[in-house]
Peer 1: 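Mind having a look at this structure? Questions to follow.
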Amino acid sequence: MAGRARGRRAQEQRPGRGKFTGGCGVTDGLGLFDNSRSQDRHDDEYDYDDEPRKPRGKKRRSPTFWVVAVVVVAIIAGGAWYGVTQVLGIGGFDDYTGAGETDVVVEVKAGQGTADIGAALKAKDVVASSRAFTSAGEDQPKVKAVQPGFYLMKTKMSGKAAADRIVSKDARVGNLQIRAGTQLDDIKLPGDKTTPGVFTLIANAGRVTMNGKETGPTVEELRKVAETVDLKDLGAPAWAVPFASQVEPKRRLEGLITPGVYDVEPGVSAQELLTKVVKDSATTLDGWGMPKLAEKTGYTPYQVLVMGSLIEREGIAKDFDKISRVIYRRLADNIRLGFDSTINYVLDRPTITTDSSARESQNPYNTYKNFGLTPTPIAATSKAALQAAAKPADGPWVYFVKCEKDGTSCFAETQGQHDQNVRDARARDVY
């Protein structure tokens with residue numbers, strides 16, 4: 001009733017003619033705002049005598065809709081669970097018993113966690129399931145510290161046996177370490193002792209005993225590959241190939257194998273093994289800035305590598321850039337280098353000095369007889385020695401000699417100064 005009354009009053013109070021209606025309300029001639037017209041429209045739009053409308057009911061879903069929804073959710077949940085089990089290695093928990101049967105080599109790659117290692121072991125049938133290994137690893141904390149590399153395991157091991165084996169000292173195989181200054185061939189030491197060369201080190205790392213039988217290439221097989229296979233196929237740097245290909249075949253790879261730590265798969269062929277090491281070395285040289293490192297030296301990248309090897313064998317790190325300056329000055333002034341290291345390189349011996357007979361030997365590595373650099377590097381060159389070869393220290397030195405027992409060199413500008421340094425070195429019993 002109240003609504004109907006308000007409606008009648010509004011109709012009785014409607015304004016007469018002559019009014020101007022605006023967009024938002026009504027104004028009379030004086031510009032005063034009159035909201036009655038707006039209120040009138042509002043009242044006319046609604047019939048207050050009508051019963052209130054019932055709220056619209058929700059649309060009911062068909063049974064088919066709910067069946068499809070449940071299936072979709074189940075598929076998504078199943079896929080998510082499958083992904084989790086693959087990542088965390090919590091799928092089936094099958095497990096073998098015992099210490100295993102036959103030997104097998106398994107690779108652990110960089111960045112792999114315990115579950116990834118478990119999956120790699122499962123792929124080689126070392127364990128029955130990844131979960132068997134990861135579960136055992138929870139009780140073996142060293143498993144989390146397993147380093148990338150190759151490991152000698154056995155097939156059909158229990159998860160616990162596999163976890164214990166992979167962290168044992170003799171499990172890791174194929175670990176190759178080459179120190180700066182190492183040459184391809186072995187060096188003979190006094191007392192019938194030998195310092196292993198690069199070929200021997202690679203052969204040792206590539207050899208493994210599996211099921212009572214030793215497998216892997218020999219030093220002779222590695223040498224044959226080094227001398228006969230195209231350097232490009234072995235992965236040598238493109239900037240080195242034209243120069244290294246022209247030298248004596250047995251020395252083609254000298255200096256192209258860098259010092260460092262390598263993981264090589266034992267038991268593979270000589271060519272596979274050597275290719276792995278040469279390619280990794282080329283990547284290392286590239287990381288050290290080669291060949292761009294040599295751009296402003298006035299020498300080719302290969303010549304800078306040769307210089308680096310001479311610096312490596314002639315001194316210690318703190319003197320590298322000074323030795324480099326001596327090399328640059330002697331080459332510029334057309335003075336023979338006169339390095340004992342180059343003569344000893346051919347003789348495969350490590351002595352600091354050489355005698356007169358050795359200095360009279362006729363070979364391209366005798367820098368007492370020949371001008372310029374040696375045909376190839378004479379050893380594996382460190383990053384520091386290579387950088388010194390590309391950027392020598394400023395100074396007037398033309399001579400140097402090892403004058404301290406720790407390997408420190410004394411440098412001189414004149415022959416007289418150098419002779420005194422030699423006397424001082426001998427007085428200190430340096431050589």
Side-chain angles (χ1 to χ4, degrees), residues 73-179 201-216 259-268 272-273 276-277 280 283-284:
V73 171
I75 291 174
I76 294 174
W81 175 248
Y82 175 79
V84 170
T85 60
Q86 295 303 303
V87 172
L88 299 182
I90 56 175
F93 198 170
D94 295 333
D95 198 6
Y96 293 127
T97 60
E101 297 180 355
T102 59
D103 290 328
V104 63
V105 173
V106 179
E107 182 181 10
V108 174
K109 297 180 180 180
Q112 286 189 328
T114 305
D116 300 310
I117 297 173
L121 295 174
K122 171 66 173 65
K124 288 292 188 78
D125 197 30
V126 173
V127 293
S129 65
S130 175
R131 181 58 177 161
F133 177 75
T134 56
S135 178
E138 294 172 2
D139 300 323
Q140 176 54 271
K142 291 183 180 180
V143 166
K144 294 182 179 179
V146 171
Q147 299 298 306
F150 294 90
Y151 293 82
L152 182 61
M153 307 292 288
K154 287 185 177 293
T155 60
K156 301 189 183 327
M157 305 180 79
S158 69
K160 183 180 184 309
D164 291 341
R165 168 63 185 173
I166 203 168
V167 299
S168 63
K169 292 182 179 180
D170 59 344
R172 190 171 180 181
V173 292
N175 185 246
L176 169 64
Q177 298 184 33
I178 299 175
R179 298 178 61 183
L201 294 173
I202 295 176
N204 291 342
R207 196 158 45 244
V208 64
T209 299
M210 299 179 65
N211 304 311
K213 183 180 179 181
E214 189 176 71
T215 61
V261 179
Y262 303 78
D263 285 305
V264 297
E265 183 175 1
V268 300
E272 288 176 294
L273 190 57
K276 160 70 175 173
V277 176
D280 284 355
T283 300
T284 297

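We use all heavy atoms of the structure for the numbers below, so side chains are in, but hydrogens, waters and symmetry mates are not.
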Peer 1: Taking all non-hydrogen atoms of both residues, which atom of S130 and which atom of A115 are closest, and how far apart?
Peer 2: OG-O, 3.4 Å
Peer 1: Show me, pair by pair, the donor-acceptor contacts under 3.5 angstrom made by side chains of residues 141-154, not counting sequence neighbours?
Peer 2:
residue, atom, partner, partner atom, Å
Q147, NE2, A145, O, 3.0
Y151, OH, Q147, N, 3.4
Y151, OH, Q147, O, 2.7
K154, NZ, D103, OD1, 2.9

Peer 1: Do E107 and E265 make a side-chain contact, defined as non-hydrogen atoms from C-beta onward lying under 4.5 Å apart?
Peer 2: no
Peer 1: Check D139 with K160, please: is the shortest side-chain N to carboxylate O separation under 4.0 Å?
Peer 2: no
Peer 1: Which atoms form the tightest heavy-atom contact between P266 and A205, and what is the distance?
Peer 2: CB-O, 3.9 Å
Peer 1: Over all heavy atoms of both residues, which pair between V127 and S158 is shortest? Give the atoms and the distance, please.
Peer 2: CG1-O, 4.3 Å
Peer 1: Looking at Y96 and V126, what are the two nearest heavy atoms and their distance?
Peer 2: CD1-O, 4.0 Å
Peer 1: Are L273 and I202 packed together at the side-chain level, in the sense that at least one heavy-atom pair is separated by less than 4.5 angstrom?
Peer 2: yes
Peer 1: Just by distance, with hydrogens left out, do T134 and T114 show a side-chain donor and acceptor under 3.5 Å apart?
Peer 2: no
Peer 1: Backbone N or O of G113 within a donor-acceptor pair of the D116 side chain at under 3.5 Å?
Peer 2: yes
Peer 1: Can you name the nearest heavy-atom pair linking Y262 to V277, along with the distance?
Peer 2: CE2-O, 3.9 Å
Peer 1: Rounded to the nearest 0.5 Å, how far does NZ of K156 lie from OG1 of T102?
Peer 2: 8.0 Å
Peer 1: What heavy-atom pair brings A136 and A163 nearest, and what distance separates the two atoms?
Peer 2: CB-CB, 4.1 Å
Peer 1: Can you find a heavy atom in the side chain of K124 that is under 4.5 Å from one in the side chain of T155?
Peer 2: no
Peer 1: Run the salt bridge (Lys or Arg N to Asp or Glu O under 4.0 Å) test against K122 and tell me which residues pass, sequence neighbours left out.
Peer 2: none
Peer 1: Going from CG on D263 to CG on N175, what distance comes out if it is rounded to the nearest 0.5 angstrom?
Peer 2: 5.5 Å
Peer 1: Run the side-chain contact (heavy atoms from CB on, under 4.5 Å) test on D170 and R165 for me, step by step, so that the C-alpha distance in whole Å, both residues' side-chain angles and the decisive distance to 0.1 Å come before the verdict.
Peer 2: CA-CA 9 Å; D170 59 344; R165 168 63 185 173; 3.2 Å; yes
Peer 1: Do D164 and Q140 make a side-chain contact, defined as non-hydrogen atoms from C-beta onward lying under 4.5 Å apart?
Peer 2: yes
Peer 1: For the pair D95 (side chain) and G159 (backbone), establish whether a donor and an acceptor sit closer than 3.5 Å, ignoring hydrogens and angles.
Peer 2: yes
